[in-house]
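The chains referred to below are lettered A, B, ... by the order of the sequence lines, with proteins before strands, and numbering in each begins at 1.
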2 protein chains.
Amino acid sequence: MATPSALDRTLSALADPTRRGVVDRLRQRPHPAGELAAAFDMSPPAMSRHLRVLRQTGLVEENVDADDARVRVYRLRPEPFAALRGWLDEVESFWEDQLGAFKAHAERTRGTKPPGGRKS
Amino acid sequence: MATPSALDRTLSALADPTRRGVVDRLRQRPHPAGELAAAFDMSPPAMSRHLRVLRQTGLVEENVDADDARVRVYRLRPEPFAALRGWLDEVESFWEDQLGAFKAHAERTRGTKPPGGRKS
DNA sequence: TTAATCATTCACCCTGACGTTAACGACTTT
DNA sequence: AAAGTCGTTAACGTCAGGGTGAATGATTAA
């Protein structure tokens, strides 16, 4: 594939347990990179790469700590989550449609079997 | 990894473009495995493996066609999507909290409308 | 200035995921 | 019964993803 879509990258990023753990942890408060590495019992390079992935998908943003410029503080960003929700809404509208069609059908026919439409 | 969580498997399954394409396609109507393989220009074994992944996470279900027992028809299942939505709601509550705090602050500072609380 | 700290990138290994072709089982058709 | 079709599993090759330790850059502490 030419270039993975934003949704591709968002879902791949969130598929990794470590990265989703980071997201969950950042829900509480922003964290420095080193704290995250320690929290997940992982070497700094490994965590750095995870954070880069999250950064590249826009799931987190990096800021230099005001008191110590060596420290990079990470926090969540909302946009990719909103996009994921948008896709999920679309998919789940499937069942809304089904339910609506079923209700309409039931109302028309009164006490018959659910729709079993086939063939294209 | 002891055993990947249901959310892990759901997100990994959906991270693959082909599998998400299958999900998108199944939104229209149920499809036989062969139709899906053809639609994505992919060998039957490759599609079969994708479908197995989707099945194992509960994202799709397999049924034998009523007219031709060789044909396996796949359709979407709602549960894993609901679970994903649940997690997404939790994550996004982060910003609701932020917004709530901001609204509360604004309300303390000057007089504004009260927040419409919505908790699960 | 020199040493220590924070986080990154670099070079490398290694497992797992995805694709292919070949073989198989189940069913349908002739 | 024999041949053809649908879909799966088996065996194999390839490549990206994720881990490590070493080296680098930037900043702070001694």
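- Note: CZ (B/Arg9) to P (C/dG16) measures 17 Å, nearest angstrom.
- Within the 3.5 Å criterion, the main-chain N or O of B/Leu26 finds no donor-acceptor partner in the side chain of B/Arg75.
- For DNA chain C, the residues of residues 40-51 of chain B within the heavy-atom distance limit of 4.0 Å (strictly under) are B/Met42, B/Ser43, B/Pro45, B/Ala46, B/Arg49, B/His50, sorted by number.
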Problem set entry | B/S/- contact track for nucleotides 24-30 of chain C, protein heavy atom under 4.0 Å | --BBS--
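- Residues satisfying the ring-ring contact (aromatic ring centres under 6.0 Å, His included) criterion with B/Phe81, sequence neighbours excluded, are A/Trp95.
- Not counting sequence neighbours, A/Arg52 has no partner by the side chain to side chain donor-acceptor pair (under 3.5 Å) test.
- Within the structure, every pair that satisfies the side chain to side chain donor-acceptor pair (under 3.5 Å) test and touches residues 80-91 of chain A, not counting sequence neighbours, is listed here: A/Arg85-B/Asp89, A/Arg85-B/Glu92, A/Trp87-B/Asp24, A/Asp89-B/Arg85, A/Glu90-B/Arg27.
- Both A/Arg72 and B/Arg19 lie close to DNA chain C; mapped to their nearest nucleotides by heavy-atom distance, the more 5′-ward contact belongs to A/Arg72.
- Side-chain contact between A/Val22 and A/Leu59: absent, with no pair of heavy atoms (C-beta onward) separated by less than 4.5 Å.
- Bracketed by its first and final contacts, the part of DNA chain D lying under 4.0 Å from non-hydrogen atoms of chain A reaches from D/dG18 to D/dT28 in 5' to 3' order.
- Contact annotation: A/Tyr74 does not reach the phosphate of C/dC6 (side-chain N/O to OP1 or OP2, under 4.0 Å).
- A/Ser48 places no side-chain N or O within donor-acceptor distance of the main-chain N or O of A/Pro44, the cut-off being under 3.5 Å.
- Remark: the backbone N or O of B/His50 is not paired with any side-chain donor or acceptor of B/Arg19 at under 3.5 angstrom.
- By the 4.0 Å N-to-carboxylate-O rule, A/Arg20 lies close enough to B/Asp8 to be salt-bridged with it.
- To the nearest 0.5 Å, atom OH of residue A/Tyr74 and atom CZ of residue A/Arg55 are 4.0 Å apart.
- Distance check: B/Leu54 CG to B/Met47 CE gives 9.0 Å after rounding to the nearest 0.5 Å.
- The interatomic distance linking A/Glu35 (CD) with C/dC6 (P) rounds to 11 Å, in whole Å.
- A donor-acceptor distance shorter than 3.5 angstrom exists from the side chain of B/Arg77 to the backbone of B/Gly58, with no hydrogens or angles considered.
- Contacts of B/Glu62 with the nucleic acid, taken as non-hydrogen atoms under 4.0 Å apart, involve only primed sugar atoms and P, OP1 or OP2.
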